[in-house]
Amino acid sequence: MAISHKVLDVAGVSKRFGAVEVLSDVSFTVDKGETVCVLGPSGSGKSTLLRCINWLEQPDAGQIYLNGARVGINSGGAVMNDRDLSEIRTRIGMVFQHFALWPHLTVLQNLMEAPLQVQRRPKAEVRDEALALLAKVGLSEKRDAFPAKLSGGQKQRVGIARALAMRPDLLLFDEPTSALDPELVGEVLVVMRELAHEGMTMVIVTHEMGFAREAATRVLFMDHGRAVETGAPERFFSNPETDRARQFLQRYAGSTAIDRR
Amino acid sequence: MIHDFGIVWSERALLLSGLANTAILSALSAVAALLLGAALTPALMARHAAVSWPARGFVDTMRCVPFLLFAYIVYYGLPSFGIRLDNWTSGLAALTLYNAAYMAEILRGAWAAQPREPIEAGVAFGFPELRLFRRIILPPLLLAAGPVLGNQMIQIIKDSAFLTVIALPELTHAASSIQSRHYVPFAAFITAVFLYWGLCLVIEAGVTTIGRVADIRR
């Protein structure tokens with residue numbers, strides 16, 4: 001298949017909630033190793049787009065392919081059954097705005113739960129990998145703590161490690177730093193930057209312009225449910241093609257978000 | 001009065017076998033009611049009316065019927081439809097079905113109060129429906145609803161006393177036999193009350209343990 005070098009191919013995806021068209025005809029692709037930052041004003045459909053990729057929301061039209069395989073629709077053209085959907089979702093990691101850690105499990109158990117219960121991988125291997133991931137995000141000493149006892153930044157680092165524990169082909173971030181106190185944003189961005197350098201394939205919905213500018217390989221700008229503009233961050237931030245992108249960037253210029261590190 | 005308690009003491013074997021039966025009856029139906037209630041909870045929360053309405057109907061019916069009447073229906077009423085159960089089976093079935101409705105309603109309430117995102121994370125991480133419920137949704141519900149579930153178990157113990165009317169040899173039945181045999185109503189019944197209290201203390205200890213487990217998680 002010609003699209004096999006693309007990890008993600010979103011083609012003409014539309015979605016409406018009642019009378020509101022949240023996404024209209026959105027298309028974009030993500031190559032292996034790319035970090036695509038999805039930017040845009042609130043309510044522009046960024047999160048819904050992300051949620052369509054792993055079928056948390058069912059798109060009304062359009063196709064989504066992960067490594068060439070159709071997401072959500074089987075070869076017969078019908079909506080996938082629970083098991084097929086489950087299988088494809090294990091290959092798409094997700095990091096949530098409000099962390100969404102499982103409160104009844106310890107940090108280490110949070111990392112091991114899906115690899116053991118969904119992927120059915122051997123316990124010793126899962127545990128070794130989980131411990132290595134905790135070390136990577138700097139939280140080895142918190143392995144037996146419960147999520148409620150962590151700071152927001154620590155929770156989100158666990159959230160990222162939990163997604164990585166699935167060995168996903170693609171990682172989705174839904175405003176991963178929006179719920180954090182400003183002083184905790186940095187520690188999460190450090191981890192994300194490191195993943196970008198390592199060549200993890202990621203789609204990141206964010207308002208962190210500084211991060212997008214420096215870590216993204218490409219930026220996708222959305223407005224009113226449309227993918228308005230896409231391009232290299234250098235060009236997008238210095239010389240956007242569309243007026244809407246220019247207005248959006250002007251509103252952000254001077255705000256603290258742009259030079260947050 | 002002391003003499004009356006002496007008579008009760010002399011009948012301790014009967015009383016203890018009643019206590020044991022009450023404990024067995026309550027424990028079995030508490031576990032069964034919790035399992036059945038947990039199984040009913042997703043049905044109550046289901047989006048499809050074809051699933052949620054029958055579950056809702058069952059729960060509301062149980063909650064509106066007095067337990068004594070329900071026990072009568074199961075033991076004396078069902079034989080008219082050709083279903084003849086002995087008093088143990090009837091008693092267990094009545095206690096279980098009746099309290100499963102309450103358990104389901106308690107868990108449904110706790111579920112509605114849970115944050116949506118952790119459950120959504122389970123979906124996003126590929127948990128199929130049944131495993132999602134068992135591994136991700138249910139454990140926090142049990143922790144959050146622990147004290148209320150414990151309350152319901154105490155209710156099960158007390159409801160089991162009604163089963164004396166279908167001649168189930170439980171604690172109230174034993175106390176009743178002792179009082180009618182020796183005419184020592186106060187001593188017999190007060191002794192039974194203390195024994196029920198003892199059973200409730202066991203439940204309370206369990207609730208405290210669950211509370212401690214839940215506390216370090218919030």
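Computed from a prediction, not measured in an experiment: that's the story for all the values here. Letters A, B, ... are given to chains in the order of the sequence lines, protein chains preceding strands, and every chain is numbered from 1.
- When all heavy atoms of A121(B) and A100(A) are compared, the pair lying nearest together is CB-O, 3.7 Å.
- Heavy atoms of P128(B) lying under 4.5 Å from chain A belong to its backbone as well as its side chain.
- Within the 3.5 Å criterion, the main-chain N or O of P103(A) finds no donor-acceptor partner in the side chain of R217(B).
- Atoms CZ and CH2, on R135(B) and W102(A) in that order, are 10.0 Å from each other to the nearest 0.5 Å.
- For the pair E120(B)/M94(A), no side-chain contact is recorded, criterion being any heavy-atom separation below 4.5 Å from C-beta on.
- Side chains of F127(B) and R89(A) form no contact here, defined as non-hydrogen atoms less than 4.5 Å apart.
- At a 4.5 Å heavy-atom cutoff, the contact between I136(B) and chain A is made by backbone and side-chain atoms alike.
- By the 6.0 Å contact criterion, CZ on R12(B) is enclosed, its count of non-hydrogen atoms from other residues, nucleotides or ligands being greater than 12.
- When heavy atoms are compared at a cutoff of 4.5 Å, A145(A) does not approach chain B at all.
- The cationic atom of R162(A) (NZ for Lys, CZ for Arg) lies less than 6.0 Å from the six-membered ring centre of F125(B) and within 45° of the ring axis.
- Taking chain B as the reference chain and counting heavy-atom pairs below 4.5 Å, the highest number among T106(A), L56(A), L101(A), N54(A) is found for L56(A).
- Proximity to chain B (any heavy atom under 4.5 Å) is shown, for E113(A), by both the backbone and the side chain.
- Residue K158(B) qualifies as open at atom NZ: its count of foreign heavy atoms under 6.0 Å is 12 or below.
- Interface remark: L172(A) contributes no atoms to any contact with chain B (heavy atom separation under 4.5 Å).
- Listed for the H98(A) side chain is no donor-acceptor partner under 3.5 Å among the backbone atoms of P118(B).
- With a 4.5 Å cut-off on non-hydrogen atoms, L85(A) does not touch chain B at all.
- For Q97(A) against E117(B), the heavy-atom pair with the smallest separation is N-OE2, 3.8 Å.
- In terms of heavy-atom pairs under 4.5 angstrom with chain B, the leader among R91(A), Q119(A), R51(A) is R51(A).
- Within 6.0 Å of atom CG in L130(B), 12 or fewer heavy atoms from other residues, nucleotides or ligands are found, so the atom counts as exposed in its surroundings.
- Applying the 6.0 Å contact sphere to CD of E194(A) captures more than 12 heavy atoms from other residues, nucleotides or ligands.
- Ranked by non-hydrogen atom pairs under 4.5 Å with chain B, the options E87(A), R83(A), R120(A) are led by R120(A).
- Atom CD1 of residue I216(B) and atom NE2 of residue H104(A) lie 13.0 Å apart, to the nearest 0.5 angstrom.
- The number of heavy-atom neighbours closer than 6.0 Å to NZ of K149(A), taken from other residues, nucleotides and ligands shown, is above 12.
- Residues Q117(A) and R131(B) approach most closely at O-NH1, 2.5 Å, considering heavy atoms.
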